[in-house]
Amino acid sequence: MAEATYAKPLPAISSLSQPYWDGLRRHELCLQRCDGCATTWYPPAPLCPRCWSREFTWSRLSGRGRVNSWVVFHQAYFRGFEGEVPYNVAEVELDEGPRLLTNLVGVANADIRAGMPVEIVFEEATAEITLAKFRPRPA
Ligand SMILES: [Zn+2]
């Protein structure tokens, strides 16, 4: 769904988070995994939040998780969302542990449930930025 003009706010990419965004462009969900204790974390950080090691590897994740929490916005705070209210913003807990803020697609807002199993889908917002969204999957 790439568009010439994308009206919603876009993320600011830093050198630290660049591998995350590069992964999404390849349609892969990649996060940092500690070489010492195997913890995976998000958002990107220069060291492991569990053991403080600076040794980590960008690793491809399953792209699967469960809905932990969500809200439904009935007001558009940015013009780009005006055509989409009411829309959801969900916190998905990945099977590997980290939690991502995202949108759920392929499900009516009224049908969202806590613990609902979901899987990643990739939305190409612009030529440079692909966003991670999630849709329901069989349990
Ligand atoms: Zn660690």
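Residues: numbered from 1 along the sequence shown. In listed order, ligands and their atoms are each counted from 1. Please read all numbers here as calculations on a predicted model, not as lab measurements.
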Next on the checklist: Under 4.0 Å between a side-chain nitrogen and a carboxylate oxygen: does that hold for Glu93 and Arg66?
Outcome noted: no

Next on the checklist: Other members of the hydrophobic cluster containing Val105, with the 4.5 Å side-chain heavy-atom rule, please.
Outcome noted: Val121

Item to check | Residue-atom pairs from the protein, N, O or S only, that lie under 2.8 Å from the Zn ion (ligand 1) | outcome: Cys34 SG, Cys37 SG, Cys48 SG, Cys51 SG

Checklist outcome for this item: For Arg26, the salt bridge (charged side-chain N to carboxylate O under 4.0 Å, His left out) test, sequence neighbours excluded, returns Glu28

Next on the checklist: Any donor-acceptor pair under 3.5 Å linking the side-chain atoms of Thr57 with those of Arg33?
Outcome noted: no

Next on the checklist: Students often mix this up, so state it plainly: with edges at 30° and 60°, are the rings of Phe81 and Phe78 parallel, tilted or perpendicular?
Outcome noted: tilted

Checklist entry - Applying salt bridge (Lys or Arg N to Asp or Glu O under 4.0 Å), which residue pairs with at least one partner in residues 7-22 are found, sequence neighbours left out? => result Lys8-Glu84

